[in-house]
> 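I have a structure here, written as structure tokens, and I will follow up with some questions on it.
Just so it is clear, the model here is predicted, and its values are computed rather than measured. Just follow the structure's listing: the first ligand is 1, and inside any ligand the first atom is 1. We count residues from 1, following the sequence as given.
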Amino acid sequence: MPQKVGFLGFIAYSVSLNELVVFNGYLTVESGVITRMGLREEFESLKYSGSLSGFNIKYMGTNQILIPGFVDCHTHAPQFPNIGLGLDKPLMEWLDKYTFPLERRYSDLQFAADVYTKVVKGLLKNGTTTVCYFGSLHLKGTLELVNSVIKCHQRALVGKVSMNMPNSAGYYNDTAKELKDTEDFVRRVREKQRDLVQPVVTPRFAVSCDTELMTGLAKIATRYACRIQSHISEHRDEVEYVLKTNPNCTSYSDVYDKCNILNNQSIMAHAIHLTDDEIKLFAAKGVSVAHCPASNTRLRSGMCPVRKLLDNNIKVGLGTDISGGDNATLLDAMRRTMDVSTHLEFHGGRPAINWKEAFYLATLGGAKVLGLDDKIGNFKIGKEFDALVVDIYADDSQLDNYDYPPEASDEERILNLLHRFLYVGDDRNIVEVYVKGKQLMMVVYDEN
Ligand code: GUN
Ligand code: FE
């Protein structure tokens with residue numbers, strides 16, 4: 001890949017929840033960073049003045065659009081082999097019967113390396129250029145996930161999961177080991193790489209961690225300036241259990257708050273059953289939410305009131321939450337977000353999330369949740385170039401026979417292309433994937 005590249009064609013990205021920018025123009029990238037952007041007419045004059053000499057220019061087709069890469073704010077890499085299994089069970093039973101027994105296997109480093117490399121490649125192929133991962137309880141096993149992410153040039157936050165409360169699978173550690181392993185993990189990730197991959201401190205949730213462990217983990221997160229991720233208020237049974245086991249706390253969020261894990265570095269998955277006071281606390285502390293609609297529906301956990309969270313100025317991104325979720329793609333997460341919020345609206349709730357807003361949540365919204373919006377999430381001079389070339393007419397895709405009205409303006413045409421991709425497209429329509437300016441080789445899944 002040459003160091004200097006340019007793209008000429010249709011470009012689309014969000015600048016806020018309510019503002020989508022679309023234009024026919026160009027963008028240049030030098031050493032992974034966006035250096036120029038403008039309209040097509042400007043490109044022509046730049047080209048003729050010779051300012052683009054040395055650039056490898058990609059002339060995109062009229063069925064193609066350039067968009068930012070997708071950001072998955074919450075998924076569990078070790079759970080991918082269970083995808084589609086046990087989804088008729090409620091959360092707590094599903095964790096004990098399916099999830100913990102599988103996650104235990106990641107003490108086997110070869111198994112870990114094999115699964116994780118497939119996971120990362122599969123996500124990149126589907127346009128997920130940034131992921132916030134839960135690993136497993138294992139220090140070395142989760143370092144294998146870091147290795148796979150680095151090898152495949154994905155952008156990621158990776159967390160070694162912490163748990164110290166006994167469960168039927170025997171999948172937990174004592175507090176001292178958890179604190180030591182977490183600190184070691186943070187250091188070792190930082191030693192390996194400080195560019196695309198970061199460690200994230202990861203108490204699983206208040207059922208699996210006691211307050212001593214969570215308080216200790218919060219200190220590590222502060223000491224190393226790491227983000228911290230967990231689950232909160234996903235299922236009513238879980239909320240009830242957490243309140244019963246923490247009788248001195250007024251709410252689920254109060255349990256976390258007393259352990260100092262709610263602040264502007266926190267990423268909380270689900271947040272379905274928060275009370276109004278908890279929502280206010282999230283807003284006041286700058287806590288972000290990873291909305292996981294597929295898993296919320298599949299495990300029948302509930303319908304997260306995303307519009308209400310956004311109206312309360314809470315940062316929200318999307319998570320696929322494999323394997324509570326049944327689909328690892330952000331295209332699916334956007335559709336499920338629209339569906340769930342539409343159902344809430346049908347039942348008297350606030351206005352549904354529309355497709356442009358869903359696109360924001362899957363890109364810039366997610367980047368804000370992960371604290372990466374100074375680098376990625378949309379296109380801006382000085383930001384790093386994480387992007388997808390989407391081709392609506394890609395062979396065999398569901399959209400390859402649509403005839404555009406010839407009189408459509410560029411703007412109408414770009415909006416139609418993006419709309420159709422978000423509602424009906426899939427990985428066949430994602431023809432190129434870039435992370436920090438590097439074009440990634442697409443995966444041949446089964447080499448046999
Ligand atoms: N709560 C605690 N752990 C998990 C998990 O692995 N998946 C989901 N969906 N919820 C959780
Ligand atoms: Fe989860």
Side-chain angles (χ1 to χ4, degrees), residues 72-106 115 119 131-138 141-142 145 157-169 171-172 178 200-210 213-214 217 228-242 245 252 255-256 261 266-273 288-304 317-328 333 336 340 366 369:
D72 188 341
C73 294
H74 180 88
T75 199
H76 298 259
Q79 295 179 23
F80 274 67
N82 266 356
I83 195 165
L85 257 191
L87 293 174
D88 52 350
K89 301 281 183 289
L91 174 68
M92 308 285 264
E93 191 182 339
W94 171 83
L95 283 171
D96 276 339
K97 278 211 176 116
Y98 292 91
T99 311
F100 296 162
L102 171 62
E103 287 193 17
R104 271 188 70 166
R105 293 182 57 194
Y106 289 79
V115 171
V119 167
V131 186
C132 187
Y133 285 110
F134 274 57
S136 68
L137 202 59
H138 313 94
T142 306
L145 175 55
L157 280 71
V158 183
K160 188 210 88 67
V161 170
S162 290
M163 304 163 71
N164 69 344
M165 298 303 284
N167 52 59
S168 60
Y171 180 57
Y172 60 98
E178 273 310 319
V200 50
V201 171
T202 307
R204 183 170 211 124
F205 67 153
V207 177
S208 303
C209 302
D210 68 10
L213 174 58
M214 290 192 285
L217 292 172
I228 189 158
Q229 62 176 347
S230 191
H231 298 88
I232 195 166
S233 209
E234 177 177 2
H235 194 285
R236 290 201 188 279
D237 295 349
E238 168 210 6
V239 179
E240 198 180 304
Y241 181 88
V242 170
T245 48
Y252 199 148
V255 177
Y256 285 170
I261 68 170
S266 331
I267 306 153
M268 291 288 143
H270 306 288
I272 302 173
H273 306 290
S288 295
V289 168
H291 172 49
C292 306
S295 144
N296 295 347
T297 301
R298 279 289 165 264
L299 297 172
R300 290 173 310 291
S301 303
M303 295 194 277
C304 178
L318 303 184
T320 58
D321 196 25
I322 298 303
S323 65
D326 54 19
N327 188 303
R336 306 287 264 270
V340 169
V369 165

> For His76 and Gln79, test the side chains for any donor-to-acceptor distance below 3.5 angstrom and give the result as yes or no.
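Yes, because at least one side-chain N or O of His76 sits under 3.5 Å from a partner of the opposite role on Gln79.
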
> Can you tell me if Thr320 and Thr75 form a side-chain donor-acceptor pair at under 3.5 Å?
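Thr320 vs Thr75: donor-acceptor pair found between side chains.
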
> For the Fe ion (ligand 2), check which protein N, O or S atoms are under 2.8 Å away and list them.
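Sorted hits: His74 NE2, His76 NE2, His231 NE2, Asp321 OD1.
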
> Do the side-chain N and O atoms of Asn82 and Ser323 include a donor-acceptor pair separated by under 3.5 angstrom?
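Their side chains do not contain a donor-acceptor pair, so the 3.5 Å distance test is not met.
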
> How far apart are the closest heavy atoms of Ala290 and Ile267, and which atoms are they?
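Taking every non-hydrogen atom into account, CB-CG2, 4.3 Å.
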
> If we count only N and O atoms by modelled type, under 3.5 Å, do the side chains of His231 and His74 hold a donor and an acceptor together?
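Yes.
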
> Check whether any side-chain N or O of Ser266 sits under 3.5 Å from a backbone N or O of Ile261 as a donor-acceptor pair, and report yes or no.
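Side chain of Ser266 to backbone of Ile261, a donor-acceptor pair under 3.5 Å: yes, one is there.
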
> State whether a side-chain donor-acceptor pair under 3.5 Å links Asp96 with Asn167.
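No.
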
> Please confirm whether the backbone N or O of Glu234 pairs with a side-chain atom of Glu238, one donor and one acceptor, at under 3.5 Å?
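Yes, because the side chain of Glu238 sits within donor-acceptor range (under 3.5 Å) of the backbone of Glu234.
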
> I'd like a table of the close N/O pairs between ligand 1 and the protein (anything under 3.5 Å), one pair per line with both atom names and the distance.
| residue | atom | partner | partner atom | Å |
| --- | --- | --- | --- | --- |
| ligand 1 | 3 (N) | Arg204 | NE | 2.8 |
| ligand 1 | 6 (O) | Gln79 | NE2 | 2.8 |
| ligand 1 | 6 (O) | Arg204 | NH2 | 2.7 |
| ligand 1 | 9 (N) | Glu234 | OE2 | 2.9 |
| ligand 1 | 9 (N) | Asp321 | OD2 | 2.8 |
| ligand 1 | 10 (N) | Glu234 | OE1 | 2.7 |
| ligand 1 | 10 (N) | Glu234 | OE2 | 3.3 |

> Any side-chain donor paired with an acceptor under 3.5 Å for Ser208 and Tyr172?
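Side chains of Ser208 and Tyr172: no pair found under 3.5 Å.
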
